[in-house]
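The basis for the numbers below is simple: all heavy atoms, side chains too, and nothing from hydrogens, waters or symmetry mates.
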Amino acid sequence: MNKIYPNAAAALDGLLHDGMFIAAGGFGLCGIPELLLAAIKDAGTKDLTFASNNAGIDDFGIGILLQTRQVKKMISSYVGENAEFMRQYLSGELELEFNPQGTLAERMRAGGCGIPGFYTKTGVGTVIAEGKDHRDFNGETYIMEEGIFADLSIVKAWKADPTGNLVFRKTARNFNPPAAMCGKVCVVEVEEIVPTGSLDPDGIHLPGIYVHRLIQGHHEKRIEQRTTRPAA
């Protein structure tokens with residue numbers, strides 16, 4: 001089966017529909033599937049729910065879909081540094097479900113493993129726990145979190161082979177692997193596609209069984225917080 005597509009629009013063809021649930025990789029501005037997000041913007045797909053660690057910034061990442069009002073709900077951990085996100089949330093235009101980072105990553109991983117729910121101590125006694133099932137194990141209280149099962153996963157990796165085996169680079173590995181696992185269909189953009197057999201099996205971060213479609217593209221190298229010292 002050929003997994004390589006010529007561009008982001010072709011890779012998403014037939015997958016997008018209004019009201020869908022998308023899991024997106026990325027950590028801060030690192031490892032964001034920017035080409036696929038731009039293609040979703042161009043497609044005009046709306047009323048979207050995104051599960052993502054954060055929403056990028058106003059002009060990058062999921063932020064570009066917030067600008068065009070294509071996002072209905074965010075399931076996120078960190079929502080700072082995005083003025084439009086804050087404006088829409090505070091005005092009631094955007095639904096927001098907060099998750100601790102580890103809980104969100106595990107919810108994605110659980111969905112990818114077919115696990116419908118799990119118990120965690122994180123969030124007990126806070127607003128995170130409101131309305132959730134509580135249970136005691138060995139004298140300590142835990143809350144139940146549900147696995148995430150998305151319609152579509154969009155992620156960015158560093159390298160891939162034609163079968164979809166992926167290698168991520170540094171912090172881009174944080175949320176991309178679990179995000180890739182939890183979608184019914186996973187579309188990946190990479191910086192480089194290498195020949196089959198050239199990746200060290202022990203160095204593969206996500207096996208190709210999770211990857212359905214693949215594109216290669218050129219990506220920005222954004223710096224989230226640029227700090228410089230005064231010129232001498």
message: Please evaluate residues Ile64 and Gln70 with respect to the criterion side chain to side chain contact (heavy atoms under 4.5 Å, CB included), reporting the C-alpha separation (whole Å), side-chain torsions for both, the decisive distance (0.1 Å), and the verdict.
response: CA-CA 9 Å; Ile64 64 173; Gln70 290 172 253; over 6 Å; no
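- Salt-bridge annotation for Lys72 and Asp47: absent, with no side-chain N of the basic residue lying under 4.0 Å from a carboxylate O of the acidic one.
- A donor atom on one side chain and an acceptor atom on the other are not found under 3.5 Å apart for Gln67 and Asp58.
- We find the OG-OH distance between Ser153 and Tyr210 to be 11.0 Å, quoted to the nearest 0.5 Å.
- Using a 4.5 Å cut-off on side-chain heavy atoms (C-beta onward), Phe98 and Ile75 make no contact.
- Between the side chains of Asn99 and Ser77, no donor-acceptor pair is found at a separation under 3.5 Å.
- Between Arg169 and Glu191, none of the side-chain N atoms (NZ, or NE/NH1/NH2) sits under 4.0 Å from a carboxylate O, so this pair counts as no salt bridge.
- In this structure, CG on Leu37 lies 7.5 Å from CD on Glu189, to the nearest 0.5 angstrom.
- Rounded to the nearest 0.5 angstrom, Phe60 CZ and Ile32 CD1 are separated by 5.0 Å.
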field: Intermediate values then yes/no, side chain to side chain contact (heavy atoms under 4.5 Å, CB included), Val188 and Leu166
entry: CA-CA 9 Å; Val188 182; Leu166 303 181; 4.0 Å; yes
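- By the 4.5 Å heavy-atom criterion applied to side chains, Ile143 and Asp133 are not counted as neighbours.
- A 4.5 Å side-chain heavy-atom check between Met20 and Thr49 finds every atom pair outside the cut-off.
- Put simply, the side chain of Ile4 reaches to within 4.5 Å of the side chain of Ile193, judged on heavy atoms.
- Of all non-hydrogen atoms in Leu16 and Leu152, the two that sit nearest each other are CD2-CD2, 3.9 Å.
- Between Thr45 and Leu12 the shortest side-chain heavy-atom distance does not fall below 4.5 Å.
- At a threshold of 4.0 Å, the pair Arg69-Glu84 counts as salt-bridged, since one of the basic side-chain nitrogens sits closer than that to a carboxylate oxygen.
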field: Tyr5 vs Asp13, side chain to side chain donor-acceptor pair (under 3.5 Å): CA-CA, chis, key distance, verdict
entry: CA-CA 10 Å; Tyr5 286 70; Asp13 185 42; over 6 Å; no
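- Here the straight-line distance linking atom OH of Tyr142 with atom OG1 of Thr120 works out to 8.0 Å at 0.5 Å rounding.
- Ile204 is not listed as a side-chain neighbour of Leu206, based on a closest heavy-atom distance of 4.5 Å or more.
- The nearest pair of heavy atoms linking Asp161 to Pro195 is CB-O, 4.1 Å.
- Between Phe27 and Phe175, the ring planes are parallel. Angles under 30° get that label, and only those over 60° would be called perpendicular.
- Counted within 6.0 Å of CZ on Phe149, heavy atoms from surrounding residues, nucleotides or ligands total more than 12; the atom is thus considered enclosed.
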field: Residue pair Val187, Ile215: steps toward the side chain to side chain contact (heavy atoms under 4.5 Å, CB included) verdict
entry: CA-CA 8 Å; Val187 183; Ile215 64 165; 5.5 Å; no
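- A salt bridge does not link Glu34 to Lys156: none of the charged nitrogens lies less than 4.0 Å from a carboxylate oxygen.
- Taking CD from Glu106 and OG1 from Thr122, the interatomic distance works out to 10.5 Å, rounded to the nearest 0.5 Å.
- From Trp158, atom CH2 reaches atom CD of Glu192 across 7.5 Å, with rounding to the nearest 0.5 Å.
- Ionic pairing of Lys132 and Glu97 is not present here: no N-O contact between side-chain nitrogen and carboxylate oxygen is shorter than 4.0 angstrom.
- Classified by interplanar angle (parallel below 30°, tilted 30° to 60°, perpendicular above 60°), the ring pair His205/Phe168 is parallel.
- In this structure, Ile62 and Ser52 have side chains that are in contact, with non-hydrogen atoms separated by less than 4.5 Å.
- Closest approach of Pro178 to Arg109, counting heavy atoms only: CB-N, 3.9 Å.
- Proximity of His134 to Met144: side-chain heavy atoms (C-beta onward) are nowhere separated by under 4.5 Å.
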